[in-house]
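Nothing here was measured: the structure is a model prediction, and the numbers come from that model.
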Amino acid sequence: FFWIDSPGGLAREADQIVDVLQHYEDDFEYYALVKESISAAMHVTFSCDRMFVGIQGVQGAALQYLSGSSGLKEYDQKANAIAAKRLGSLAQRNGFSAALAEAMVLPEAELYRWREPTGRWGLCSAKSAAPSTAELEVLDRDDTVLALSSSDALELGLAEPYPGNLDAFGPLLGIQV
């Protein structure tokens, strides 16, 4: 279990944590118990197999501000495009939505949702990627960076509810205590 309550940090340091987690991923299952996972902390959160959230909390807003930035808008856009694809790839690798992760990094990204026949939410970054019969809702416009409340994360199926105490996790995860 990782208790994540972080306002963020340096992406390169988060990537070093991710490298260690990936090195041992065949030996362990990772679970994130998230209060706040902002910015670079999302790299660790999306490295986990499952995410649990309490009543209050925030996830996302992973736009990178570059230390020593050149001040060139194009350079910052390039760096964030790379960061978005890295985070999206990491999220997808662990069963989360790449489009959602990328919308947490890119201000120009859009994110849409629709209700699938199973009752789950479908997510996509382009209207054309949704089923033609879907009634789309805009989750993130092209002038914002996506951040989700815990209730948003639960509603979208990104996270599961924190069961109230750590002892309750055993049966939830199929572990006898």
Side-chain angles (χ1 to χ4, degrees), residues 1-11 13-15 17-18 21 25 28-65 83-84 86-107 109-125 134-141 143-177:
F1 271 102
F2 295 99
W3 170 252
I4 300 176
D5 186 5
S6 174
L10 297 175
E13 291 177 359
D15 287 340
I17 295 169
V18 168
L21 295 175
E25 70 185 352
F28 298 100
E29 287 187 28
Y30 302 123
Y31 305 104
L33 178 51
V34 178
K35 180 176 181 186
E36 285 199 352
S37 183
I38 308 297
S39 194
M42 286 306 301
H43 294 247
V44 177
T45 301
F46 279 145
S47 293
C48 293
D49 298 294
R50 291 168 71 179
M51 181 191 323
F52 297 88
V53 295
I55 295 169
Q56 292 182 290
V58 179
Q59 299 83 42
L63 174 71
Q64 292 187 16
Y65 293 97
R86 282 185 179 156
L87 189 61
S89 177
L90 181 63
Q92 190 170 35
R93 176 182 179 156
N94 291 296
F96 302 106
S97 166
L100 182 137
E102 291 174 15
M104 290 179 169
V105 179
L106 297 172
E110 295 180 334
L111 186 66
Y112 302 93
R113 75 176 181 178
W114 70 93
R115 205 44 102 169
E116 294 180 342
T118 62
R120 295 180 53 107
W121 287 106
L123 299 171
C124 66
S125 58
E135 291 185 36
L136 296 180
E137 289 181 51
V138 178
L139 279 181
D140 187 48
R141 298 182 320 269
D143 60 349
T144 60
V145 176
L146 182 65
L148 300 173
S149 67
S150 289
S151 60
D152 294 335
L154 290 168
E155 182 182 351
L156 289 172
L158 176 67
E160 300 171 58
Y162 171 59
N165 64 60
L166 292 178
D167 292 335
F169 275 111
L172 182 65
L173 302 175
I175 301 170
Q176 292 187 357
V177 288

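- The two residues Pro171 and Ala168 make their nearest non-hydrogen contact at CD-O, 3.5 Å.
- Residues Ala98 and Gly88 share a closest heavy-atom pair of CB-O, 3.4 Å.
- The closest side-chain heavy-atom distance from Leu173 to Arg50 is below 4.5 Å.
- For the pair Leu87/His43, a side-chain contact is recorded, criterion being any heavy-atom separation below 4.5 Å from C-beta on.
- The minimum heavy-atom distance linking Asp140 with Ala109 is given by the pair OD2-O, 3.2 Å.
- The environment of Arg141 atom CZ is sparse: at most 12 non-hydrogen atoms of other residues, nucleotides or ligands sit within 6.0 angstrom.
- For the pair Leu63 and Pro107, the minimum side-chain heavy-atom distance is below 4.5 Å.
- Between the CG atom of Leu139 and the SG atom of Cys124 there is a distance of 9.5 Å, given to the nearest 0.5 Å.
- Residues Trp114 and Glu135 come closest through the heavy atom pair CB-O, 3.8 Å.
- Contact of the Leu172 side chain with the Phe52 side chain is registered, since non-hydrogen atoms from C-beta on lie closer than 4.5 Å.
- With rounding to the nearest 0.5 Å, the separation of CG in Leu10 from CG in Asp15 is 10.5 Å.
- Of all heavy-atom pairs spanning Trp121 and Arg115, the tightest one is CZ2-NH2, 3.2 Å.
- Within the model, atoms CG of Leu106 and OG1 of Thr144 stand 11.0 Å from one another, a figure rounded to the nearest 0.5 Å.
- Aromatic ring centres of Phe169 and Tyr31: separated by at least 6.0 Å.
- Taken to the nearest 0.5 Å, the CG atom of Leu33 stands 11.5 Å off from the CD atom of Glu160.
- Two residues are said to be in side-chain contact when any heavy atoms from C-beta on lie closer than 4.5 Å; Val138 and Tyr112 meet this criterion.
- Of all the heavy atoms in Ala103 and Leu111, the pair that sits closest is CB-CB, 4.2 Å.
- Rounded to the nearest 0.5 angstrom, Arg113 CZ and Leu100 CG are separated by 11.0 Å.
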Taking distance alone, no hydrogens or angles, what donor-acceptor pairs closer than 3.5 Å link side-chain atoms of residues 54-62 to residues at least two apart or in another chain?
none

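- With contacts defined as side-chain heavy-atom distances shorter than 4.5 Å, the pair Asn94/Cys48 does not qualify.
- Each of Arg93, Met104, Gln92, Arg86 was evaluated against Phe46; a single residue qualifies, Met104, per the side-chain contact (heavy atoms from CB on, under 4.5 Å) test.
- Arg120 CZ to Leu156 CG: the interatomic distance, rounded to the nearest 0.5 Å, is 10.0 Å.
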